[in-house]
> 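The structure under discussion is supplied below as structure tokens; questions concerning it will follow.
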Amino acid sequence: MERRELFVGGRRVLLYAPTASEISKAVDGNSCGPGDAELHTWAVPWESGLFAQLSHWDLSAADVLDLGCGLGLAGVFAMLQGAKSVCFADRSHRAVELALLSAAENRGPEARCEVRGRQGCWAQAASAAPWPEVDLILGNEIVYVTEACGELTALLRSSVLRPGGMAVFSGCDRGLSDTFQAQLIAAGFIVQCGNGFAPGSDGATPNPTILLLVLKPEVGQEPSALSSLSSVFIRPEAWQDTGSTKAKFAPPPCVASSIMPPTPPTP
């Protein structure tokens, strides 16, 4: 494995990643466990609008699940934002192993965040134990196929996401956002969607990106009673400066204060 240095959301993050040799072996079909055959996809960290958002959120009272964690970039970032606990989950044992190493590398001497890993498939999370109960689920670049929309909706309906909790999904636009939103809304969730562009791997060509914020209503609370949410245009590059007057993509007022971002600065 090798160590990589990234700067995301205004933070320096160190990640452990597979070597080019490991990736080549996986592509050739010499993988050793579930999810390892896709190593060439999850071994590349993807900076999206997710981190520009999290950089403005106080996670000090939040239990966080990094779902489909890959190298663990989202979970490590949440840890650096002060999360109470972070669980790195992936169906690849190798991914969980690397994510935990990365978390340890970024963990400060006074950090109090509880860190753990969970190898398994999210499609079985609603019925299999032990999956943690959390306030915030992060899914960075994990929705690749239509089946994932139903599986993730079922996961959010389960006890894994606490009532009043939130899930945030970010990734390239593969034409699945409308399907995913429709299933989430039909299941009683409140959904806010934004779209925009993230820097491409070549540093020039932007990638279309989708950001979904999904709120799970409190028990007995009707979705219609919650504040309506409107779409916004995501411009991740404009959020790197915390003093920017650009509108932030903020969760609704009904979200628990533990994961509320500060009020955007006045223009």
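When a residue number appears, it is its place in the shown sequence, counting from 1. Here the structure is a predicted model, which means the values were calculated and not measured.
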> Hey, does the side chain of Gln81 reach the backbone of Leu59 with a donor-acceptor pair shorter than 3.5 angstrom?
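Pair absent, no side-chain N/O of Gln81 close to backbone of Leu59.
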
> To the nearest 0.5 Å, what is the distance between CD on Gln183 and OG1 on Thr146?
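With rounding to 0.5 Å, CD (Gln183) is 8.5 Å from OG1 (Thr146).
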
> I want to check something: taking the side chain as every heavy atom from C-beta on, are Leu156 and Lys216 in contact at a cut-off of under 4.5 Å?
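Not in contact.
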
> Can you tell me how far apart CG (Leu67) and CG (Asn140) are? Round to the nearest 0.5 Å.
11.0 Å

> Please report the interatomic distance CD(Gln192) to CD(Gln181), rounded to the nearest 0.5 Å.
10.0 Å

> How far apart are the closest heavy atoms of Cys149 and Leu176, and which atoms are they?
SG-O, 4.1 Å

> Looking at every heavy atom in both Val64 and Ala78, which two are closest together, and how far apart are they?
CG1-CB, 4.1 Å

> For the residue pair Leu152 and Phe169, establish whether any side-chain heavy-atom pair is separated by less than 4.5 Å.
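Yes, at least one pair of side-chain atoms sits under 4.5 Å.
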
> If you compare all heavy atoms of Phe88 against all heavy atoms of Gly72, which two are closest, and at what distance to 0.1 Å?
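In this case the closest contact between Phe88 and Gly72 is CE2-O, 3.5 Å.
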
> Give the minimum heavy-atom separation between Thr153 and Ala187, together with the two atoms involved.
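What the structure gives for the nearest pair is CG2-CB, 3.7 Å.
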
> Would you tabulate the side-chain donor-acceptor contacts of residues 161-168 under 3.5 Å, counting partners in other chains and residues two or more places apart, or write 'none'?
residue	atom	partner	partner atom	Å
Arg162	NH1	Asp63	OD2	2.8
Arg162	NH1	Asp135	OD1	3.2
Arg162	NH1	Asp135	OD2	3.2
Arg162	NH2	Asp63	OD2	3.3
Arg162	NH2	Glu133	O	3.0

> Just wondering, do Leu212 and Val143 contact through their side chains at under 4.5 Å, heavy atoms?
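The answer is no, as the side chains (C-beta and beyond) never meet within the 4.5 Å cut-off.
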
> Could you give the distance from CG (Leu65) to CG (Leu136), rounded to the nearest 0.5 Å?
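Output value for this atom pair is 9.0 Å.
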
> Go through Leu73 and Phe51 one step at a time and tell me if the side chain to side chain contact (heavy atoms under 4.5 Å, CB included) criterion holds.
CA-CA 9 Å; Leu73 177 57; Phe51 303 103; 3.5 Å; yes

> Of all heavy-atom pairs between Gln119 and Arg91, which one has the smallest distance, and what is that distance?
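In this case the closest contact between Gln119 and Arg91 is NE2-O, 2.6 Å.
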
> Which heavy-atom pair separates Val8 from Phe77 by the least distance, and what is that distance?
O-CE1, 3.1 Å

> Roughly how far, to the nearest 0.5 Å, is CZ of Arg12 from CG of Leu80?
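Output value for this atom pair is 10.5 Å.
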
> Without placing hydrogens or testing angles, list every side-chain donor-acceptor pair under 3.5 Å for residues 96-107, not counting sequence neighbours.
residue	atom	partner	partner atom	Å
Glu97	OE1	Arg94	NH1	2.6
Ser102	OG	Tyr16	N	2.8
Ser102	OG	Leu98	O	3.1
Glu105	OE1	Tyr16	OH	3.1
Glu105	OE2	Arg3	NH1	2.4
Asn106	OD1	Leu14	N	3.0
Asn106	ND2	Leu14	O	2.6
Asn106	ND2	Ser102	O	2.7
Arg107	NH1	Cys113	O	2.5
Arg107	NH2	Cys113	O	2.7

> For the atom pair CD1 (Ile137) and SG (Cys87), what is the distance rounded to the nearest 0.5 Å?
10.5 Å

> Would Trp122 and Val160 count as a side chain to side chain contact (heavy atoms under 4.5 Å, CB included) if you check the C-alpha gap in whole Å, the side-chain angles of each, and the deciding distance to 0.1 Å?
CA-CA 10 Å; Trp122 67 56; Val160 173; over 6 Å; no

